[in-house]
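Worksheet: the structure to be examined is printed underneath.
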Amino acid sequence: MNHILVVDDEADIRKLLEEILREEDYAVASTGTASEALVLLRDASYDVMLLDIWLPDRDGLEVLSDVRSLETENKPEVIIISGHGTIETAVRATKLGAFDFLEKPLSLERTLIVVKNAIEAKRLRSENMEFKRQLALQTPITGESVPAKALRQQIRLMAPTNGRVLIFGESGSGKELIARAIHAESQRRERVFVELNCAAIPEDYIESELFGYRNSTVPGGPAEKRGTFERADGGTLFLDEVGDMSLKTQAKVLRALDEQRFTPVGAAHAMSVDVRVIAATNKNLEEEIAKGNFREDLFYRLNVIPFYVPPLRDRKEDIPLLVRDFLRAFGREYGRSRLDIAEDAIELLKQYHWPGNVRELKNLIERVLILNPQAPRIERKHLPMLVHRGVSRRGEDFSTLHQAREAYERDYILKKIDECHGNISRAAESLGLERSHLYRKMRTLGISVRE
């Protein structure tokens with residue numbers, strides 16, 4: 001359903017436009033003043049605004065200028081209407097960004113045609129902005145490991161179909177990236193990609209987020225809202241952390257998937273959509289089904305094409321490529337060119353177990369660059385204590401007793417510094433060393449020393 005705002009000081013014209021637009025299944029709001037129109041635009045989104053050029057409190061062209069300068073991407077297309085139209089006024093309105101110009105008395109047939117064209121222009125503009133945003137966010141699935149190559153091959157095979165996809169993987173492993181890659185190579189790539197994190201929405205609000213609502217009674221809130229199913233019509237809907245939905249919400253999602261129809265909260269009639277659903281979870285849904293936390297029938301509806309994203313610890317040979325990708329991206333963001341990383345630092349990163357997966361690696365690289373703004377290259381000493389402590393220190397990992405002793409000393413000193421909250425004097429006292437001796441030992445072991 002498309003939303004129209006009618007702004008005209010003549011009550012008869014407002015009533016007439018409301019009636020004919022509602023007969024065409026548009027949602028319509030109206031007002032007779034510029035000030036109230038701007039309030040309505042602030043509180044809700046509209047696809048088209050029919051704006052009279054003569055208003056009691058302001059000139060319509062001034063209002064048009066204000067609408068075009070709103071700090072939002074979701075501006076309505078504005079159609080100017082006037083009973084005293086001139087070529088000069090029409091030209092000025094067009095230069096200010098009006099979609100079209102209608103003269104009174106209004107031709108109802110022409111009005112409906114112009115409104116329809118404006119809605120299509122708004123849809124194309126919104127989708128174009130969304131495509132650009134998605135293009136900026138897209139990152140290739142980096143890696144030459146067997147799991148990375150297998151994922152790319154599976155995407156190429158499955159993306160062109162319309163089958164629903166269920167992506168399994170630990171938090172931070174890149175499930176959203178896989179969903180975006182599937183959409184980018186699908187038959188729906190020219191349409192919108194809409195994302196909803198089911199774990200981030202409180203239970204009381206998730207139904208309205210999914211299906212939208214009509215005729216809201218919340219004081220000060222917008223009267224209507226389009227849900228993610230409606231916004232994703234013709235495109236792809238990504239339901240992240242779908243295992244966190246309540247059983248009540250699962251039942252409504254199941255019905256929407258089966259029928260490709262749903263009823264917005266508070267609406268009188270159901271609406272049909274054409275949506276491809278991609279879901280993702282970090283839970284074992286079969287275990288959740290056994291516990292009674294997830295519907296078995298919904299699981300089978302979603303799990304048409306299963307994808308498994310392996311944790312970073314199972315594809316550690318991809319770490320050097322990922323790190324250098326992140327260095328290039330953050331180098332551009334922070335204005336630092338030719339950033340590099342030492343091989344011994346890479347080796348340390350490859351030994352770490354990465355419980356937070358690729359997201360943890362990306363955040364770590366950014367943190368290291370922020371904390372070492374002058375360093376042209378990331379050294380082993382720049383890596384945080386967490387990585388040093390988290391690395392497994394089995395005897396067979398070292399070729400000599402000297403290497404094993406150094407590794408143990410490094411971990412032990414880092415542990416003491418951490419226990420002393422970074423206070424070197426207290427750490428030295430705890431270790432039974434002079435402060436200067438501890439500094440020399442830290443430099444020898446490659447531990448970052450911040451005076």
Side-chain angles (χ1 to χ4, degrees), residues 141 146-189 191-201 203 206-207 209-211 227-229 232-262 273-312 314-315 357-358:
I141 299 170
V146 171
K149 290 178 178 178
L151 271 175
R152 288 196 290 267
Q153 182 179 18
Q154 190 179 7
I155 289 170
R156 283 194 297 270
L157 289 172
M158 302 302 181
T161 72
N162 266 322
R164 298 186 193 110
V165 176
L166 183 55
I167 305 172
F168 300 90
E170 297 178 4
S171 292
S173 58
K175 298 187 292 295
E176 180 188 349
L177 181 62
I178 300 299
R180 288 185 178 277
I182 293 170
H183 173 75
E185 296 193 30
S186 74
Q187 297 172 356
R188 299 170 181 260
R189 57 184 172 273
R191 302 304 296 270
V192 71
F193 177 95
V194 178
E195 175 188 358
L196 178 69
N197 187 330
C198 301
I201 308 296
E203 171 60 24
I206 191 166
E207 186 177 346
E209 287 292 331
L210 284 166
F211 306 116
T228 51
F229 267 94
D233 188 18
T236 301
L237 173 58
F238 175 49
L239 299 176
D240 198 8
E241 303 306 346
V242 72
D244 289 280
M245 285 195 304
S246 69
L247 291 171
K248 176 184 174 184
T249 305
Q250 290 174 34
K252 296 190 176 183
V253 169
L254 176 65
R255 191 176 306 115
L257 293 178
D258 279 344
E259 302 174 2
Q260 287 282 290
R261 286 173 61 82
F262 64 90
V273 291
D274 174 22
V275 174
R276 183 187 192 181
V277 172
I278 299 176
T281 182
N282 62 8
K283 294 183 176 181
N284 185 325
L285 291 187
E286 292 178 333
E287 289 183 1
E288 295 299 307
I289 291 169
K291 295 175 185 176
N293 296 331
F294 200 82
R295 293 180 62 114
E296 187 173 16
D297 46 5
L298 178 58
F299 172 75
Y300 289 122
R301 297 298 194 288
L302 295 173
N303 195 33
V304 176
I305 304 173
F307 273 73
Y308 174 68
V309 185
L312 186 56
D314 289 348
R315 55 186 190 105
N357 292 293
V358 178

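Side-chain N or O atoms of Lys175 include none that pairs as donor or acceptor with a backbone N or O of Ile167 at under 3.5 Å. The main-chain N or O of Arg191 is found under 3.5 Å from a side-chain atom of His183 such that the two form a donor-acceptor pair. Side-chain N or O atoms of Asn282 include none that pairs as donor or acceptor with a backbone N or O of Glu241 at under 3.5 Å. Within the 3.5 Å criterion, the main-chain N or O of Ser186 finds no donor-acceptor partner in the side chain of Arg276. Panel note: side chain Asp233, backbone Asp274; a donor-acceptor pair is recorded below 3.5 Å. Although no hydrogens or angles enter the test, the distance criterion places no donor-acceptor pair under 3.5 Å between the side chain of Glu209 and the main chain of Cys198. Proximity of a side-chain donor or acceptor of Arg315 to a complementary backbone N or O of Val146 within less than 3.5 Å is not detected.
Ion pairing of Lys283 with Asp244 is present here, as a side-chain N (NZ or NE/NH1/NH2) and a carboxylate O approach within less than 4.0 Å. Between Lys248 and Glu203 there is no salt bridge, since none of the side-chain N atoms of the basic residue sits less than 4.0 Å from a carboxylate O of the acidic one. The residues Arg189 and Glu185 are annotated as not salt-bridged, no charged nitrogen and carboxylate oxygen being separated by less than 4.0 angstrom.
If you take CZ on Arg295 and CD on Glu288, they are separated by 15.5 Å, rounding to the nearest 0.5 Å. For the atom pair Ile278 CD1 and Asp240 CG, the distance stands at 11.5 Å (nearest 0.5 Å). To the nearest 0.5 Å, atoms CD (Gln153) and CG (Leu151) are separated by 10.5 Å. Of the inter-residue distances, the one linking Phe168 atom CZ with Asn303 atom CG reads 4.5 Å to the nearest 0.5 angstrom. Atom CG of Leu247 and atom CG of Leu254 lie 11.5 Å apart (nearest 0.5 Å). Expressed to the nearest 0.5 Å, how far CD of Gln187 lies from CG of Asn162 amounts to 5.5 Å.
The two residues Asn293 and Gln250 come nearest to each other via the heavy atoms O-NE2, 3.2 Å. Residue Ala232 comes nearest to Leu237 through the heavy atom pair CB-CB, 3.9 Å, listed as atom of the first residue, atom of the second, then distance. Closest heavy-atom contact between Arg164 and Leu257: NH2-O, 2.9 Å.
Here the side chains of Leu285 and Leu166 are in contact, with some heavy-atom distance below 4.5 Å. Between Ser173 and Ile178, the closest side-chain pair of non-hydrogen atoms is not below 4.5 Å. For the pair Phe307/Gln154, a side-chain contact is recorded, criterion being any heavy-atom separation below 4.5 Å from C-beta on. With contacts defined as side-chain heavy-atom distances shorter than 4.5 Å, the pair Val165/Met158 does not qualify. Contact check for Leu312 versus Glu170: no side-chain heavy atoms found under the 4.5 Å cut-off.
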Between Phe238 and Glu176, is the side-chain contact (heavy atoms from CB on, under 4.5 Å) condition met? List the steps.
CA-CA 8 Å; Phe238 175 49; Glu176 180 188 349; 3.8 Å; yes
Quick one: do Leu239 and Leu302 satisfy side-chain contact (heavy atoms from CB on, under 4.5 Å)? Show the steps, please.
CA-CA 10 Å; Leu239 299 176; Leu302 295 173; 5.5 Å; no
Step by step, would you call Met245 with Val242 a side-chain contact (heavy atoms from CB on, under 4.5 Å)?
CA-CA 6 Å; Met245 285 195 304; Val242 72; 3.3 Å; yes
Test Phe299 against Thr281 for side-chain contact (heavy atoms from CB on, under 4.5 Å), laying out the working first.
CA-CA 11 Å; Phe299 172 75; Thr281 182; over 6 Å; no
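Each of Thr236, Ile155, Ile305, Leu177 was evaluated against Ile182; a single residue qualifies, Ile155, per the side chain to side chain contact (heavy atoms under 4.5 Å, CB included) test.
The aromatic rings of Phe229 and Phe211 sit parallel to each other, their planes meeting at less than 30°, with 60° as the upper class boundary.
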